[in-house]
There are 2 protein chains.
Amino acid sequence: MGISERRLREKEKLRSAILGTAWRMVTDEGWQSLSIRRIADAIEYSVPVIYDHFENKEAILFEFAKEGFQLLAKKIEEAKAKTKDPAEQLRLIAYAYWDFAARYKEHYKLMYGLGMQGCEVEKCLPEKTTFRKLVIEPITELIEKGNNPKANPCLKYYTFWSILHGLISIKNMRGNAVSDEINKMVMDDAIAGFVKNLN
Amino acid sequence: MGISERRLREKEKLRSAILGTAWRMVTDEGWQSLSIRRIADAIEYSVPVIYDHFENKEAILFEFAKEGFQLLAKKIEEAKAKTKDPAEQLRLIAYAYWDFAARYKEHYKLMYGLGMQGCEVEKCLPEKTTFRKLVIEPITELIEKGNNPKANPCLKYYTFWSILHGLISIKNMRGNAVSDEINKMVMDDAIAGFVKNLN
DNA sequence: CATTTTACCTAACACTGTTAGCAAATGTAA
DNA sequence: TTACATTTGCTAACAGTGTTAGGTAAAATG
């Protein structure tokens, strides 16, 4: 009865080939160049085979978006685990977020629809919630320790995220017109201000 | 010799018809639905006529982007003119920016490529520089008056803009999942924190 | 061995942006 | 008025896109 298992393996292999090829295209030439037909060409199968593995093109994009959200959550978790000081945690989280967006640029663009038509990422709620919880925790701690206990952690989380996302979006837009050093200085400054304001 | 002038007027009229039709499509059905062919259908001309007035589709998008940048600069200018207190100016500018992004949603998406493939907006430098100058001025003033004169206005401007753009981007992403009140509270909080940190 | 399932392909549909080439109308000059 | 040149607008095509209907041949199943 190894036959059907071999078949499953082969099917899985084809699926991986599709995703692998797609990913190579994206990193080489950007999301714009990704097309079902070109994937089919590259894996040396006909076009409808792709649709045996993915409902449509968006389903392929979604796969990468999910990967991105999971990876981001992991990175944030790792960064946070490095210290117990909540202020330091927030700083490390911000760095990790920044690093993720720089290292996995195409993922980030897809996840948040930067300069491209994003895909429906509503289904990534679990991963997003993880991120949210990881950030809200140190914020809550800092608020409790600070002298402004009426501050709303959820609201502050939103602010924190907005700062990061705004910086990264603008950085992505401008290409390399502004040096990374300056960009990082802006982030440092913004996060320092944010943390200071929590007290 | 009014003939050639009439012709020019008619040509201009057709150009307006193209832009007007395009804009109606965008507001009715989003950027995604905008196509040269549908514009041609709507104005009851054949497709190549569009190309007599615009080099390509991007040139049409660019027209709206430029309009957006100009309008934004105007709104910011008006908001700033309402007071002479730099802190208050920054608050009013932030409100105006927010209001612009809400009122001219499709413009904003196009200008910064949110959830769509944006167009080359590098040519809008004058309008962008206007915005930049309008914001940097009160920031510089505040820094000079404050007790942290070594702060870099340019860097702070970048931070200010990032906060606003981040908030708006995230708001746009989430659709109506978060109420406008909360969104505005986040902005108020973030801007207040930013201004406080300038001193 | 017959039947069903699976794998896979060709060819099409309905779109997209863009352009070559032609025909008719109009303007200009002899 | 006639001859030429320009403008205006069109049809039809090219080269892509995502997606799917329908058919064939191989493989697995009863």
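Quick note on labels: first sequence line is chain A, next is B, and so on, each numbered from 1.
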Colleague: If you check the B:Tyr51 side chain, which of D:dT11, C:dT16, C:dT18 turns out closest?
Modeller: C:dT18
Colleague: Measuring to OP1 and OP2 of D:dG18, would you say a side-chain N or O of A:Ser35 lies under 4.0 angstrom away?
Modeller: yes
Colleague: Which of the following nucleotides, C:dT16, D:dG9, C:dT19, is nearest to the side chain of B:Val47?
Modeller: C:dT19
Colleague: Take atom CD in B:Glu55; do more than 12 heavy atoms of anything else shown fall under 6.0 Å from it?
Modeller: no
Colleague: Name the closest nucleotide to the B:Val49 side chain, picking from C:dG17, D:dC10, C:dC8.
Modeller: D:dC10
Colleague: Go through A:Phe69 and A:Tyr112 one step at a time and tell me if the ring-ring contact (aromatic ring centres under 6.0 Å, His included) criterion holds.
Modeller: CA-CA 10 Å; A:Phe69 280 112; A:Tyr112 299 114; 5.7 Å; yes
Colleague: Relative to each other, are the rings of B:His107 and B:Phe100 parallel, tilted or perpendicular (30° and 60° limits)?
Modeller: tilted
Colleague: Roughly, in whole Å, what's the span from CH2 in A:Trp31 to P in D:dT17?
Modeller: 16 Å
Colleague: Stems involving DNA chain C: give each as a range paired with a range, ordered by first number, where a stem means at least three consecutive Watson-Crick or G-U wobble pairs under 3.5 Å.
Modeller: C:1-25 with D:6-30, C:27-30 with D:1-4
Colleague: Calculate the interatomic distance between B:Phe54 atom CZ and C:dG17 atom C1'; express it in whole Å.
Modeller: 16 Å
Colleague: Let me know the distance between CD of B:Gln117 and P of D:dT17, rounded to the nearest Å.
Modeller: 14 Å
Colleague: Does the pair B:Phe131 and B:Tyr97 meet the rule for a side chain to side chain contact (heavy atoms under 4.5 Å, CB included), with working shown?
Modeller: CA-CA 10 Å; B:Phe131 172 69; B:Tyr97 193 96; 3.6 Å; yes
Colleague: Can you figure out which of D:dT19, C:dC8, D:dG9 approaches the side chain of A:Arg37 most closely?
Modeller: D:dT19
Colleague: Check the distance between C:dT16's P and B:Glu29's CD and give it to me in whole angstrom.
Modeller: 11 Å
Colleague: Can you tell me the distance, in whole Å, between the CD1 atom of B:Ile50 and the C1' atom of C:dT19?
Modeller: 14 Å
Colleague: Identify, between A:Pro48 and B:Leu34, the residue whose nearest nucleotide on DNA chain C lies closer to the 5' end.
Modeller: A:Pro48
Colleague: Which nucleotide sits closest to the side chain of A:Ile36: C:dG17, D:dG18, C:dT18?
Modeller: D:dG18
Colleague: Given atom CG of B:Asp41 and atom C1' of C:dC15, what is their separation to the nearest angstrom?
Modeller: 13 Å
Colleague: Would you indicate, yes or no, if D:dT7 has its OP1 or OP2 atom less than 4.0 angstrom from a side-chain nitrogen or oxygen of B:Lys11?
Modeller: no
Colleague: C:dC8, D:dG9, C:dT16: which one has an atom nearest the side-chain heavy atoms of B:Arg38?
Modeller: C:dT16
Colleague: For B:Asn183, check side-chain contact (heavy atoms from CB on, under 4.5 Å) against everything at least two apart and list the hits.
Modeller: A:Tyr158, B:Trp98, B:Lys171, B:Val178, B:Asp180
Colleague: Just say parallel, tilted or perpendicular for the rings of B:Phe194 and B:Phe160, cut-offs at 30° and 60°.
Modeller: tilted
Colleague: Can you tell me the distance, in whole Å, between the CD1 atom of A:Ile39 and the P atom of D:dG16?
Modeller: 17 Å
Colleague: Could you tell me the separation between the NZ atom of A:Lys57 and the P atom of D:dT17, rounded to a whole number of Å?
Modeller: 8 Å
Colleague: Scan residues 118-138 of chain B for pairs that pass salt bridge (charged side-chain N to carboxylate O under 4.0 Å, His left out), counting only residues two or more places apart or in two chains.
Modeller: B:Lys80-B:Glu137
